[in-house]
Amino acid sequence: MRRILDEKFFSGDTIKIAEKLLGKYLVRIKGGEEIALEINEVEAYDGVHDKASHASKGRTSRNEVMFARGGAWYVYFVYGIHWMLNIVVGEEEHPAAILIRGAGKISGPARLTKYLGVDGTFNKKMAALETGLWIEDRGEPADKKKIVQTPRIGVDYAGEEWSLKPYRFILKD
DNA sequence: TAAGTGATCTCT
DNA sequence: GAGATCACTTAA
């Protein structure tokens, strides 16, 4: 029996959920094969007040899905080259998402999407078995002692207050 | 350390 | 419609 994380899991506090995602498994069905990677690095983006979040400038066609209820994917394109994979969290009208930066042996958010074959077609879709991409609990809770918090990466433009917030969570080996 | 690359957003 | 910006990676 799979324990696929659904909107119930993703409806609470963004920061707490980010931390809880460590040690969960990102699962992808590709070409009939199942790829499961343990999530070991995430970043939280929470609310319109978070200057580093796409939602800080209000609702746009790109970030619209961040305003939906938790449980959907937010996939977008940056730097003309890279796809980023985020999971939407929080209640409706509260824009928040968690960027999955690393899982398994894959380090780096764009490398992850490239490896899994994730692109814009997943945007706004629910994370579920039918989608071919979801997150599941395999009953191995992350060791709290191995969790490290640091500031987020690549968000210097957000100003000191927000770029220095320890919203990045890493699960050490 | 810097260039690549193109969608998106903010002005006109 | 033009110009700037960007939740990154790779090659040097």
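Small disclaimer: the values here were computed from a predicted structure and weren't measured. Every chain is numbered from 1, with letters handed out A, B, ... down the list of sequences.
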Give every donor-acceptor pair under 3.5 Å between a side-chain atom in residues 103-114 of chain A and any protein atom, sequence neighbours left out.
| residue | atom | partner | partner atom | Å |
| --- | --- | --- | --- | --- |
| T113(A) | OG1 | W83(A) | O | 2.8 |
| T113(A) | OG1 | A110(A) | O | 2.9 |

Using atom NZ of K165(A) as one end and atom P of dA7(C) as the other, report the distance to the nearest whole Å. 18 Å

Can you get from I135(A) to F122(A) by hopping between Ile, Leu, Val, Met, Phe, Trp and Tyr side chains that sit under 4.5 Å apart? yes

Can E64(A) and K124(A) be said to form a salt bridge (charged side-chain N to carboxylate O under 4.0 Å, His left out), step by step? CA-CA 9 Å; E64(A) 192 186 3; K124(A) 299 189 186 180; 3.1 Å; yes

Without decimals, in angstroms, what is the distance between N86(A) CG and dC6(C) C1'? 14 Å

Got a list of protein N/O to nucleotides 4-7 of chain B N/O distances below 3.5 Å?
| residue | atom | partner | partner atom | Å |
| --- | --- | --- | --- | --- |
| dT5(B) | O2 | Y79(A) | O | 2.4 |
| dG6(B) | N2 | Y79(A) | N | 3.1 |
| dG6(B) | N2 | G80(A) | N | 3.3 |
| dG6(B) | N3 | G80(A) | N | 3.2 |

If hydrophobic clusters are built from ILVMFWY residues whose side chains come within less than 4.5 Å, do Y167(A) and L85(A) share one? yes

Looking at DNA chain C, which of residues 104-121 of chain A put a heavy atom within less than 4.0 Å of it? G108(A), P109(A), A110(A), R111(A)

Using side chain to side chain contact (heavy atoms under 4.5 Å, CB included) as the criterion, point out the one residue from I98(A), I15(A), D13(A), L21(A) that pairs with V89(A). I98(A)

Respond yes when some side-chain nitrogen or oxygen of S61(A) is under 4.0 Å from OP1 or OP2 of dC9(B), and no when none is. yes

Residues in residues 35-58 of chain A with a heavy atom under 4.0 Å of DNA chain B, by number, are K57(A)

Counting heavy atoms not belonging to E33(A), are there more than 12 under 6.0 Å from its CD? no

Residue pairs meeting salt bridge (Lys or Arg N to Asp or Glu O under 4.0 Å), one or both in residues 162-172 of chain A, sequence neighbours left out, come to E41(A)-R168(A)

Check this for me: does any side-chain nitrogen of one of R2(A) and E136(A) sit under 4.0 Å from a carboxylate oxygen of the other? yes

Shared hydrophobic cluster for I100(A) and F10(A) (ILVMFWY, side-chain gaps under 4.5 Å): yes

Report the hydrophobic cluster partners of L164(A), with the cluster defined as I, L, V, M, F, W, Y residues connected by side-chain heavy atoms closer than 4.5 angstrom, directly or transitively. none

Other hydrophobic cluster members with I29(A), side-chain heavy atoms of Ile/Leu/Val/Met/Phe/Trp/Tyr under 4.5 Å, chained? I4(A), Y25(A), V27(A), L129(A), W134(A)

Mind checking which stems touch DNA chain B? I mean at least 3 consecutive Watson-Crick or G-U pairs, both distances under 3.5 Å. B:1-4 with C:8-11, B:6-11 with C:1-6

Would you call R69(A) and E7(A) a salt bridge, taking side-chain N to carboxylate O under 4.0 Å as the test? yes

Distance, rounded to the nearest Å, where R152(A) contributes CZ and dC8(C) contributes P: 11 Å

Rounded to whole Å, please give me the gap between CD1 in I153(A) and P in dC8(C). 8 Å

Could you work out the complete set of other residues in the hydrophobic cluster of M126(A), with links drawn between I, L, V, M, F, W and Y side chains under 4.5 Å apart? none

Partners meeting side chain to side chain contact (heavy atoms under 4.5 Å, CB included) with T121(A) (sequence neighbours left out): D119(A)

Taking side chain to side chain donor-acceptor pair (under 3.5 Å) as the cut-off, I'd like each qualifying pair that reaches into residues 154-163 of chain A, sequence neighbours left out, listed once. none

Kindly state which residues belonging to residues 92-103 of chain A come within less than 4.0 angstrom of DNA chain C, counting heavy atoms of the residue only, listed by number. L99(A), R101(A)

